[in-house]
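Everything below concerns the one structure shown next.
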Amino acid sequence: MSKRVAILTSGGDAPGMNACIRAVIIACQKANYTLIGYKHGYNGLLQQEYISLSLDSTHNLIQQGGTILHSARCEEFKTREGVVKAAKNLDKAEIDTLIVIGGDGSFRGAETLGEEWDGQILGIPGTIDNDIGGTDATIGYFTAIDTAMSSIDKVRDTADAFERIFLVEVMGRNAGFLALNAALSAAADYVVVPEFFESPNAEVTKIVSQIKAQRALKGPVSFIVVVAENVWPNGLNGLTEALQHHHINDVRPVTLGHVQRGGSPVAQDRLLATTLGEFAVSLVGSDITNIMVGEVNQRPVTVPLPKTWENAKPLNEARVDAMRTLMNERYNNV
């Protein structure tokens, strides 16, 4: 029997969301399912703002950044009244399955919606932060690493030219995946991530020690510190001031910001998005619901939505060890 499927993108956009939408469209077309797309995340669901999605929508879509369905935060959906309204709207639209592409907040909203709506709910992890448990990677993460790495490479050029200290803040919400991997791939001299953050004083002591050790050995060389967002009190300005207190005055802060969420997705994100989108549609009509589809060891998996946020996702230990070794052999801590 033909099914009616709805899809939406919620929260922060991520490169590869469109590639995932494309995969869902094609898979639904093949299965003879009707597919609609709610615009502006959960706001579109509350306002019954949706469009029909067909193969015509997939032309040149896989390489586009952002999301053709647009995204937004939705305060109304955080209320019980909003969730009840969303459930009623899904019933009015005769939706059998809702597919939500997003991150932690989007999945929490989907779990709450499942308490009020009897239809099938499937989540697909789309966030550059890679902070979703139960999947090796999230859609957009690989592209964001490349974007951050490329930006750090450019910062290093001017840092070398003036032999200065540059502090580069990258995104990641409350996780250090993006900061760690961007720092490692760009050969940064130091990285600050929430998973190993001790205290401002302890971190400043280690940074200052490394700067002075390198300059004692090589002269006035440049030094790149990558900092995960939301980890340092008062942000990069706080770290800049702390270093200045130690008479390190040639410091320049750089915040990469939302540029990390844009751009054409790299191959890894396109492949992940395609795999997860097709796998999600293969579950339509089954008894499996209120789950996220992810990928572990290159195989698709299903994970109950609460499991995606109950335990903090650990950083890759091999990458942590590599960063500790390559940063500076004199010091043992990230």
Side-chain angles (χ1 to χ4, degrees), residues 128-130 144-260 315-334:
I128 68 169
D129 303 327
N130 195 37
I145 293 175
D146 269 17
T147 299
M149 178 192 70
S150 176
S151 298
I152 295 168
D153 286 346
K154 291 177 173 64
V155 167
R156 184 178 291 281
D157 288 342
T158 190
D160 284 345
F162 286 90
E163 297 170 328
R164 284 175 175 160
I165 314 299
F166 270 79
L167 313 177
V168 183
E169 183 184 271
V170 301
M171 285 181 156
R173 207 167 71 103
N174 297 312
F177 294 96
L178 188 52
L180 173 64
N181 286 280
L184 187 59
S185 59
D189 299 285
Y190 197 92
V191 64
V192 180
V193 295
E195 289 84 351
F196 299 104
F197 185 75
E198 298 178 26
S199 69
N201 288 337
E203 294 292 343
V204 167
T205 297
K206 288 187 285 186
I207 294 171
V208 170
S209 296
Q210 290 204 26
I211 292 173
K212 290 184 175 180
Q214 286 204 21
R215 289 187 165 182
L217 181 66
K218 304 176 183 178
V221 295
S222 63
F223 196 91
I224 304 293
V225 181
V226 174
V227 183
E229 67 175 346
N230 299 321
V231 65
W232 200 277
N234 300 320
L236 293 189
N237 289 334
L239 178 53
T240 299
E241 293 173 1
L243 292 176
Q244 289 172 344
H245 284 313
H246 289 266
H247 308 293
I248 297 177
N249 298 312
D250 54 337
V251 182
R252 299 292 184 272
V254 176
T255 300
L256 298 186
H258 287 73
V259 66
Q260 297 158 92
L315 296 176
N316 183 304
E317 292 184 9
R319 300 279 173 83
V320 172
D321 290 342
M323 191 70 209
R324 284 173 168 162
T325 299
L326 297 174
M327 278 198 313
N328 194 315
E329 293 180 358
R330 298 180 182 85
Y331 302 92
N332 296 321
N333 295 315
V334 171

Next on the checklist: Quick one, Ile128 and Thr147 - any side-chain contact, counting heavy atoms below 4.5 Å?
Outcome noted: no
Got a list of side-chain donor-acceptor pairs under 3.5 Å for residues 223-242, not counting sequence neighbours?
residue: Glu229; atom: OE2; partner: Gly172; partner atom: N; Å: 3.0
residue: Glu229; atom: OE2; partner: Arg173; partner atom: N; Å: 2.7
residue: Asn230; atom: ND2; partner: Arg173; partner atom: O; Å: 3.0
residue: Thr240; atom: OG1; partner: Leu236; partner atom: O; Å: 2.8

Checklist entry - CG of Leu326 to CG of Asp321: how many Å apart, nearest 0.5 Å? => result 10.5 Å
Item to check | Nearest non-hydrogen partners of Asn201 and Thr205, listed with the distance | outcome: O-OG1, 2.8 Å
Checklist outcome for this item: Residue set satisfying side-chain hydrogen bond (donor to acceptor under 3.5 Å, both in side chains) with Ser151, at least two apart, ordered chain then number -> none
Item to check | Straight-line distance of Glu198 CD to Lys206 NZ, nearest 0.5 Å | outcome: 4.0 Å
Checklist entry - Picking from Leu167, Ile207, Ile165, what satisfies side chain to side chain contact (heavy atoms under 4.5 Å, CB included) with Tyr190? => result Ile207
Next on the checklist: Let me confirm one number: the CG-CD distance from Asp250 to Gln244, rounded to the nearest 0.5 Å.
Outcome noted: 9.5 Å
Next on the checklist: Using side-chain heavy atoms (C-beta onward) and a distance below 4.5 Å, is Leu180 in contact with Val320?
Outcome noted: yes
Checklist entry - Just by distance, do the side chain of Glu195 and the backbone of Gly176 share a donor-acceptor pair under 3.5 Å? => result yes
Checklist outcome for this item: Correct closest heavy-atom pair for Ala179 and Val191 would be O-CG2, 3.7 Å
Checklist entry - Looking at side-chain heavy atoms only, is the closest gap between Phe177 and Leu315 below 4.5 Å? => result yes
Checklist entry - What are the two closest heavy atoms between Ala148 and Val170, and how far apart are they? => result CB-CG1, 4.2 Å
Checklist entry - If we only count heavy atoms from C-beta on, is the Met323 to Phe196 side-chain gap below 4.5 Å? => result no
Show me the side-chain donor-acceptor pairs of residues 153-164 shorter than 3.5 Å, one per line, residues at least two apart or across chains.
residue: Lys154; atom: NZ; partner: Ser150; partner atom: OG; Å: 3.0
residue: Arg156; atom: NH2; partner: Ala187; partner atom: O; Å: 2.6
residue: Asp160; atom: OD1; partner: Ser222; partner atom: OG; Å: 2.4

Checklist entry - Can you tell me how far the CE atom of Met171 sits from the OG1 atom of Thr255, to the nearest 0.5 Å? => result 10.0 Å
Item to check | Spacing of Leu256 atom CG and Ile152 atom CD1 [to the nearest 0.5 Å] | outcome: 6.5 Å
Item to check | Check: Gly257 main-chain N/O paired with Gln260 side-chain donor or acceptor under 3.5 Å | outcome: yes
